[in-house]
2 protein chains.
Amino acid sequence: MDEKIKQALRDIVGPDNFTDKLIDMVSYASDASEHRHRPDAAAWPTTAQQVSDILRLANQERFPVIPRGAGTGLCGLAVPAQGGLVLDMARMNRILKISIDDRVAVVEPGVVYATLQQALEPHGFFYPPDPASGKVCTLGGNVATNAGGVKGAKYGTTKDYVLALQVVLPDGRTLNTGSECIKSVSGYDLTHLFVGSEGTLGVVTKIALKINPKPPYSATALATFESLEDAGRVVSRVLKAGVLPSVLEIVDRLTLVAINENTDLNLPEVDAILLAETDGYTAEEAAQQIAKVIEVFKACNASSVREAASAEEAKALWTARKSSYAVSTRINNNLIVEDLAVPISRLADALGVISEIGRKYNLKIPTVGHVGDGNLHPAISFDGTNAEEVARVHKASAELFERIIGLGGTLTGEHGIGLAKAPYMGLEHDAVSLEIMARLKRLFDPNNILNPGKMALEG
Amino acid sequence: MDEKIKQALRDIVGPDNFTDKLIDMVSYASDASEHRHRPDAAAWPTTAQQVSDILRLANQERFPVIPRGAGTGLCGLAVPAQGGLVLDMARMNRILKISIDDRVAVVEPGVVYATLQQALEPHGFFYPPDPASGKVCTLGGNVATNAGGVKGAKYGTTKDYVLALQVVLPDGRTLNTGSECIKSVSGYDLTHLFVGSEGTLGVVTKIALKINPKPPYSATALATFESLEDAGRVVSRVLKAGVLPSVLEIVDRLTLVAINENTDLNLPEVDAILLAETDGYTAEEAAQQIAKVIEVFKACNASSVREAASAEEAKALWTARKSSYAVSTRINNNLIVEDLAVPISRLADALGVISEIGRKYNLKIPTVGHVGDGNLHPAISFDGTNAEEVARVHKASAELFERIIGLGGTLTGEHGIGLAKAPYMGLEHDAVSLEIMARLKRLFDPNNILNPGKMALEG
């Protein structure tokens, strides 16, 4: 990127909102994945107009622009694979409106997920999607990845709450999609074309979200299982019992061992722990549902079941699940957190496949997941300085994806495609789908300036 | 359409699945709207391959193809505005899979909504969207219109349940969108581009739907209001009270009068009736929520409130709402059921606008609506043989849309654009949106053979 362009960028956002310092370029080279590539510069736009001016310039000068939220992505979505300008949306972070009367919140993309939740709390409302990185990730990033979370099975994911978007297109023009009305079917659904498009079609500058009254009651139970098979069967049985838990999570043996090695929690080293939460607007609603879940736990041979008697106890039961990511990172130098989903009836099979691949390639793959919607996160830990081991990791990943697709699964339940899954898109999608996706990309971004190299859009 | 093409169509679907008889052409000229135009022929394909062969032929010979469900649409979506071939999907009506284990149902597009519900009932499951025409409308039509219904506020609409689609593109190629997994963010969301696209981008030949365990308990209450203003304020207050009713419906004075004139229900002729239903997995959950709704009714000056003591009583309370469409058709020779939505806080204003326009243009506009999500159905009754009155109706409609958009509303909450709202698209959508929609249409259907003339896609 030549100095003339850098000066033009400084002119657009102001000198305090532009950087090309080495230390910043190193920071912006990565997200939470193992992918790395430095950008040439970064800017913090503060208005949609600035975003528009930047994209117009980029289209004219043909440099890549990589929109970025908090960089918590696990698939390299925000990694500037071909250099260019990182557009850090962190300074467009105003909550523009919370209207309980309308059941709508309107935010800028840089608003942190948790900030919105805090703002909704005094009203007794919440924004149901709940990414694990909620304390730091941004709502713009959530929209870009169609972020999920632990409450997906009952409450859905980001796409189920985005009502309308303001988007700056790669040519600098502004587009308003959807409607702030709770219900609208007016014209093609452009909103959902942008949700989950990983910053490849446009830069989101305003987001209208549907919000819900928060159920004030919840109940929590934890069960241990001596067999993955048994644990895997629980979810379908819970559904058959007529219950939609607000949370249903799994923590496997390798994760439990890692937790015990790194904490003093002293957890039972069983094949799997399942953690369930039910909720409702009355205590009875939560209690009656958790009672049914506990029945299913027992019918599926749980070796122990514990129901939280209080909010503190519930919090304690959550500790294992919440510490899993942190301890997984300590198993070895490097960690790839995978993300896949299968039809719920294939969960036991998918857990079996993960164990088998771990044994076959001699890799530790501790696994946690949102089993309520068939979403698993096998985390492959390895030593990135060991070339032979890295090769094994790649082979293991490829085999994992192939076998998961064979089970009717999907490459990604909630983390996205980015760089990590791009090579595998052909496993899941037919040639016509891939062609249509590539043509949509060209329709919006003929010069391929927005987040190039992601999602296998270049054919 | 020349005989050679007709013979080719007969060859594709078989002679029993093709017609060009006048009586059929008259039937297929209309849907439930006031729009009329005869097609040249109609076919009942029974396989995706036949749909593909037909579209390939249509693309080659350049004749319009109009996919059709049950023809219950209210905006002319299925009216063959430029002639051509009606593709009646009624004979692709198999339920291909109900998997409670996976929380998924897979159906062909011609499956009637109620047929799926009946098939789910023995499992204690349901498919939450609930169009008023559920007894006859098809799931393919629901997908084409992104159909809503009375339970939209709590459970969302069709788009919130479609997981995956098989679609035949205008060039005859088959595309598979989405994933039958409950959660997937793999690639662009092509599924939602087709949901609500009114048969203009492709012909849906298979649909995978998310299904839910059905809450077995519900509670119902009805309140009368002497002022529309008071009734309009209820919804926001209910939200503020932390309740998301499964149903919240309005029936206005003109509708009540029409019901009394045509039935022996003897309803109170008040400004508005509101009907609320709450539900849950326990009786307490439904009861506690309806108690809060009743508190709000009273705080908003309800002149009377009645809670149903039994399922039979609840059914009786529903009678007024359920008979509203039938009686509205009896007010005069013709009826246009409008469909609009506004931000919930503007409901009282929207109701005021409807009354005002009725007075200004001397028209009877009985109104019902799903107020829980801000969706109103003013029904303009008139005499279609009276040219002067028809002119007034058109002026009234135009003013209605303009003022509703002015309130931050949308042209259609659940019925779609079709022919009826096409002239008004520019009121709601900016020029860039309209251009992008038109370009998407051209990307999928460069020869404009699929349902041409709808949704203002031709610029």
Side-chain angles (χ1 to χ4, degrees), chain A residues 100-103 124 146 148 152 160 173 175-176 179-189 192-193 195-197 212-213 236 239-240 242-244 280-282 284-285 288-289 341-345 373-375 408-414 416-417 428-430 432-433 436-437 439-440 443, chain B residues 100-103 124 146 148 152 160 173 175-176 179-190 192-193 195-197 212-213 236 239-240 242-244 280-282 284-285 288-289 341-345 373-375 408-414 416-417 428-430 432-433 437 439-440 443:
Chain A
I100 301 301
D101 277 1
D102 293 321
R103 207 183 151 193
N146 187 6
D160 300 306
R173 294 188 301 168
L175 174 72
N176 289 287
S179 165
E180 287 185 24
C181 299
I182 291 298
K183 211 162 141 190
S184 172
V185 298
S186 182
Y188 291 154
D189 184 349
H192 286 92
L193 196 52
V195 174
S197 67
N212 279 6
S236 287
L239 284 173
K240 279 185 172 157
V243 177
L244 210 53
Y281 295 96
T282 55
E284 290 84 356
E285 181 84 347
Q288 194 259 27
Q289 290 182 89
V342 288
I344 291 163
S345 65
D373 44 23
N375 187 199
T410 176
L411 291 173
T412 168
E414 56 182 14
I417 298 294
E428 180 170 1
H429 302 284
D430 59 47
V432 181
S433 294
I436 293 288
M437 289 184 203
R439 287 175 64 193
L440 287 170
L443 187 152
Chain B
I100 300 302
D101 277 3
D102 293 321
R103 207 183 151 193
N146 187 6
D160 299 308
R173 295 188 302 167
L175 175 71
N176 289 287
S179 165
E180 287 185 22
C181 299
I182 292 297
K183 212 162 139 190
S184 172
V185 297
S186 184
Y188 291 154
D189 184 349
L190 301 181
H192 286 92
L193 197 50
V195 175
S197 66
N212 279 5
S236 288
L239 285 171
K240 279 186 171 155
V243 176
L244 211 51
Y281 295 96
T282 55
E284 290 84 356
E285 182 83 349
Q288 193 258 27
Q289 290 181 89
V342 289
I344 291 164
S345 65
D373 44 23
N375 188 196
T410 177
L411 291 173
T412 168
E414 55 182 15
I417 297 294
E428 179 169 2
H429 302 284
D430 59 46
V432 182
S433 294
M437 289 184 203
R439 287 176 65 194
L440 287 169
L443 188 153

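Hydrogens, waters and symmetry mates play no part in the numbers below; they use all other heavy atoms, side chains included.
Checked by atom type and distance alone, the side chain of A:D102 pairs as donor or acceptor with a backbone atom of B:S345 at under 3.5 Å.
For a residue to count as touching a neighbouring chain, one of its non-hydrogen atoms must lie under 4.5 Å from one of that chain's; by this rule B:D430 touches chain A with the side chain only. In this structure, the portion of A:Q289 lying under 4.5 Å from any heavy atom of chain B is its side chain and not its backbone. Heavy atoms of B:L239 lying under 4.5 Å from chain A belong to its backbone as well as its side chain. Using a 4.5 Å cut-off between heavy atoms, A:D160 contacts chain B through both its backbone and its side chain. Heavy atoms of A:N375 lying under 4.5 Å from chain B belong exclusively to its side chain. Heavy-atom distances place the side chain of A:R173, and not its backbone, under 4.5 Å from chain B.
Among A:I100, A:L244, A:N212, the residue making the largest number of heavy-atom pairs under 4.5 Å with chain B is A:L244. Per-residue heavy-atom pair counts under 4.5 Å with chain A were compared for B:S197, B:P343, B:G416, B:G152, and the maximum is reached by B:P343. By number of non-hydrogen pairs under 4.5 angstrom with chain A, the leading residue of B:G409, B:G187, B:G148 is B:G187. Top candidate by heavy-atom pairs under 4.5 Å with chain B, chosen from A:D101, A:V342, A:L193, is A:D101. With chain B as partner, the option from A:L175, A:L440, A:L443, A:N176 having the largest number of non-hydrogen pairs under 4.5 angstrom is A:L443. Contact count against chain B (heavy-atom pairs under 4.5 Å) is highest for A:S433 among A:G196, A:S433, A:G374, A:A341. Between chain B and the options A:E414, A:R103, A:K240, heavy-atom pairs under 4.5 Å are most frequent for A:R103. Residue with the most contacts toward chain B among A:G242, A:S179, A:G124: A:G242 (heavy-atom pairs, distance under 4.5 Å).
Just one of A:Q288, A:E285, A:E284 meets the side-chain hydrogen bond (donor to acceptor under 3.5 Å, both in side chains) condition when paired with B:T282; it is A:E285.
A search for side chain to side chain contact (heavy atoms under 4.5 Å, CB included) contacts involving B:S186 returns A:T410, A:L411, A:T412, A:I417, A:M425, A:E428, A:H429, B:S184, not counting sequence neighbours. For the ring pair (Phe, Tyr, Trp, His ring centres under 6.0 Å) test, residues two or more places apart in sequence or in another chain that qualify with B:H192 are A:H192.
Taking both residues in full, the closest heavy atoms of A:C181 and B:G408 are given as SG-O, 3.4 Å, listed atom of the first, atom of the second, then distance.
With values rounded to the nearest 0.5 angstrom, B:I182 atom CD1 is found 5.0 Å from A:I344 atom CD1. A:I436 CD1 to B:Y188 OH: the interatomic distance, rounded to the nearest 0.5 Å, is 12.5 Å. Taking CG from B:N146 and NZ from A:K183, the interatomic distance works out to 9.5 Å, rounded to the nearest 0.5 Å.
Contact annotation: the side chain of A:V195 never approaches that of B:D189 to less than 4.5 Å [non-hydrogen atoms, C-beta and beyond].
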